Amino acid sequence: MAFLKKKQDTVEKLFLSLIGVQMLSFISLIISNVIDAIAIKRCLGTDALAAYSFSNTVISIEMAAFGFLMQGVSVLLSRNAGEPDEKKRNSAFSTAILLALTVGIVLTVMFLGTSYLMSDLVGTPAHLRDLAASYIRGNALGIIPYLLFAVFSASTIIEGGKRQLMLSFIVMAATDIVLDFLNGYVLDFGIWGMGAATAVSELVAFAVVIVFYLRGRKLFRFVPGLFHKIHAKNTFEYGYMYVVKQLMLTVLGYIYNNYITIKYGSDVLAIYAAAFSALSLLQCLSSAVGNTVSTLTGFYAKEEDGTSLKSMMRVAVKYSAIINSVIIIVSITAAGPIMRMFNKTSDAHFVIAVEAFRLFSLSIVFRSINMAIRGYYQSMKMHLHNMLFTFVETLVCEVLSLIVLCEVFGMSGIWLSFVAGEMLALVLLTLVLMIRTKVKKCIDAWMLLPPTWCSEHVKRFASTCHSSDEIMACSEAVKEFCHKTGGSVRTSNALSLAVEEIGKNIVQYGFIDRKSHSIDIRAKRNEGSWMLIFHDDCLGFDPTKYLISTDTTGKHNGIRLVSGLFSEMTYTNALGINNLFIQMNDEK
């Protein structure tokens with residue numbers, strides 16, 4: 001019961017708030033793709049569906065570009081969200097938009113001008129060539145708004161517009177579905193119209209986030225002249241592994257398809273394809289966990305806040321285990337009805353398909369944790385660790401598990417290979433890093449944090465408060481921390497007073513909705529200065545605005561008093577939480 005009653009800190013609440021919108025985004029996209037296939041089959045026939053399947057290999061280039069930008073820009077903007085210099089924030093955002101626009105123009109020209117050549121390159125049969133090329137050209141009309149949507153989606157999340165982003169994905173899926181059937185039964189634009197329907201839905205989703213951008217707070221603003229090559233380089237470094245991972249998955253799919261076909265035949269391959277398609281919906285949480293960890297890592301790494309990073313990873317592992325365990329239980333129980341969407345109950349292979357789906361589902365807990373680790377490595381620019389872990393997980397552990405388990409368990413080895421491969425990769429990573437770092441805790445080994453980032457270090461302090469009494473206790477603890485770290489009496493008293501005055505004001509004005517809230521307080525000593533950081537999930541409260549207030553009632557004299565002791569005080573609201581940064585020069 002203690003676990004259930006434990007108060008959530010700001011990191012955990014932030015993680016949970018982001019994971020929901022990420023999951024819904026992935027689910028809406030998957031449902032939209034499934035409905036696309038159904039609409040094409042029902043309205044245009046088998047040949048059109050086959051052409052759609054071939055053209056999807058080409059469309060995957062657009063999807064890779066979207067994922068690359070979404071992940072890369074999310075980390076780029078989260079690292080700049082707390083930047084007090086507005087010009088630097090705007091430069092990061094402007095660079096991302098211009099980068100998306102450039103990639104979008106290149107892909108649009110390529111799709112429109114070489115649709116037949118691209119159809120040939122993916123092996124489209126001659127009788128389906130016109131259909132595949134038509135779909136590619138129709139879809140190409142939405143590439144530019146779709147890639148811009150990726151950038152604005154990232155900024156929308158960071159600016160606290162989670163509901164608006166969820167709305168945009170829902171509207172995109174709904175628009176695509178309606179236009180698919182409208183084209184099939186009324187407009188009769190053929191398969192080109194199906195591609196154009198997807199393009200229009202992407203344009204509509206982009207319009208939704210643009211409306212929010214125009215009406216929102218604008219933590220980031222687009223300024224055409226603020227393109228900076230360092231931000232473009234960082235976007236690539238934060239996002240390129242998404243493309244690499246997709247390429248590795250393509251190779252893995254090729255290996256599985258050929259191995260299963262050679263060893264067991266095309267009927268078993270069809271069972272594998274159906275079960276794997278159903279599994280993709282279960283993996284939405286895993287993808288959402290990876291993206292959320294990537295974004296939060298960028299946010300806290302900017303502050304070198306190892307305490308919050310550790311808390312984030314613990315939360316990611318905890319909820320990966322809890323939520324995925326529930327999903328597994330539901331999947332095992334409902335495997336029959338789920339697989340009836342792909343196979344008739346009377347089908348001789350139906351029982352095998354149910355077994356396949358049940359065993360496949362066991363992999364999602366380990367996959368989710370592995371995604372969290374990869375997302376962390378990506379944001380921390382730990383490129384070698386990320387590349388090696390991804391390669392070993394995808395093309396070593398899963399392939400090895402497939403071959404060995406099929407020899408031991410026969411056909412069931414196919415379905416067990418996913419859970420075995422994901423688990424083996426995680427165990428190998430943990431053992432190697434534990435031996436290398438000589439630490440006993442898994443999370444500490446995975447994260448490889450610099451010692452100076454952690455609260456255990458002599459120059460760092462971390463605390464989480466939920467009430468005025470806890471703020472007062474934290475104030476005394478900060479004074480003691482500062483004194484032990486070599487701060488003068490004046491500096492120790494100033495930091496302590498800042499915690500007391502700022503913390504009490506946050507409680508007074510941020511807790512008035514009577515909901516449970518938390519305030520994360522961090523302090524660190526730098527060379528020649530001290531930094532005090534407040535993160536809270538309360539109602540919006542910007543203490544800096546009272547520094548220039550003409551109010552004469554004396555309500556905010558405490559804030560004005562402490563502000564005179566510091567060299568800098570800046571406030572931002574990013575990812576839906578308040579962030580206050582205070583710096584004080586070291587005085588003896």
Side-chain angles (χ1 to χ4, degrees), residues 18 20-33 35-36 39 59 62-63 65-74 76-77 90 92-109 111-112 135 137-183 186-187 189 192-224 291 576:
L18 292 179
V21 65
Q22 294 279 6
M23 278 192 67
L24 185 58
S25 301
F26 283 111
I27 290 172
S28 63
L29 287 175
I30 291 174
I31 292 175
S32 178
N33 290 335
I35 298 298
D36 277 350
I59 304 304
E62 176 190 349
M63 300 303 295
F66 179 87
F68 157 75
L69 286 167
M70 184 73 172
Q71 182 165 340
V73 174
S74 292
L76 177 72
L77 297 186
N90 293 341
F93 183 58
S94 301
T95 300
I97 289 178
L98 293 172
L99 186 63
L101 187 61
T102 301
V103 174
I105 291 173
V106 171
L107 290 182
T108 300
V109 171
F111 276 34
L112 291 175
Y135 184 85
R137 289 195 300 273
N139 182 272
L141 302 178
I143 293 177
I144 293 175
Y146 192 48
L147 297 189
L148 290 173
F149 174 62
V151 175
F152 279 92
S153 294
S155 67
T156 299
I157 288 178
I158 294 171
E159 296 214 28
K162 294 181 285 291
R163 292 180 180 178
Q164 289 83 353
L165 186 59
M166 285 193 289
L167 175 63
S168 67
F169 275 102
I170 293 172
V171 168
M172 179 166 66
T175 302
D176 189 23
I177 293 169
V178 170
L179 291 180
D180 277 344
F181 286 103
L182 183 64
N183 172 65
V186 180
L187 300 177
F189 287 136
W192 177 89
M194 295 298 188
T198 299
V200 172
S201 71
E202 292 164 350
L203 179 60
V204 170
F206 175 55
V208 172
V209 293
I210 280 292
V211 169
F212 170 72
Y213 168 75
L214 294 175
R215 298 175 61 183
R217 293 180 292 104
K218 296 188 181 65
L219 181 63
F220 303 99
R221 295 176 182 271
F222 175 62
V223 182
N291 282 9

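Quick caveat: nothing in here was measured; it's all calculated off a predicted structure.
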Could you tell me the separation between the [atom1] atom of [X] and the [atom2] atom of [Y], rounded to the nearest 0.5 Å?
X	Y	atom1	atom2	result
Leu187	Leu182	CG	CG	4.0 Å
Leu148	Phe66	CG	CZ	11.0 Å
Leu203	Ile143	CG	CD1	13.5 Å
Leu18	Leu165	CG	CG	10.5 Å

Is there a side-chain contact between [X] and [Y], using heavy atoms and a 4.5 Å cut-off?
X	Y	value
Arg221	Tyr213	yes
Ile59	Tyr135	yes
Glu62	Glu202	yes

Passes side chain to side chain contact (heavy atoms under 4.5 Å, CB included), Trp192 versus Asn139? Steps please. CA-CA 8 Å; Trp192 177 89; Asn139 182 272; over 6 Å; no

Run the side chain to side chain contact (heavy atoms under 4.5 Å, CB included) test on Asn183 and Met194 for me, step by step, so that the C-alpha distance in whole Å, both residues' side-chain angles and the decisive distance to 0.1 Å come before the verdict. CA-CA 7 Å; Asn183 172 65; Met194 295 298 188; 3.6 Å; yes

Taking all heavy atoms of [X] and all of [Y], pick out the closest pair and write down the distance.
X	Y	answer
Gly142	Ala199	N-CB, 3.2 Å
Asp180	Ala197	OD1-CB, 3.5 Å
Val200	Leu179	CG1-CD1, 3.6 Å
Phe220	Glu159	N-OE2, 3.1 Å
Met172	Ala205	CB-CB, 3.6 Å

Could you list the donor-acceptor pairs under 3.5 angstrom formed by side chains in residues 150-158, with sequence neighbours left out?
residue, atom, partner, partner atom, Å
Ser153, OG, Phe149, O, 2.6
Ser155, OG, Phe152, O, 3.0
Thr156, OG1, Phe152, O, 2.5

Determine whether the aromatic ring centres of residues Phe206 and Tyr146 are separated by less than 6.0 angstrom. no

Walk me through it: do Gln71 and Asn291 pass the test side chain to side chain contact (heavy atoms under 4.5 Å, CB included)? CA-CA 7 Å; Gln71 182 165 340; Asn291 282 9; 4.3 Å; yes

For Phe111, ring pair (Phe, Tyr, Trp, His ring centres under 6.0 Å) partners two or more places apart: none

Going by atom type alone, with no hydrogens or angles, which donor-acceptor pairs under 3.5 Å involve a side-chain atom of residues 102-109 and a protein atom two or more places apart or on another chain?
residue, atom, partner, partner atom, Å
Thr102, OG1, Leu98, O, 2.8
Thr108, OG1, Gly104, O, 2.7

Tell me if a side-chain donor or acceptor on Asn90 pairs with a main-chain N or O of Val223 at a distance below 3.5 Å. no

Evaluation steps, side chain to side chain contact (heavy atoms under 4.5 Å, CB included), between Ile97 and Ser94: CA-CA 5 Å; Ile97 289 178; Ser94 301; 5.8 Å; no

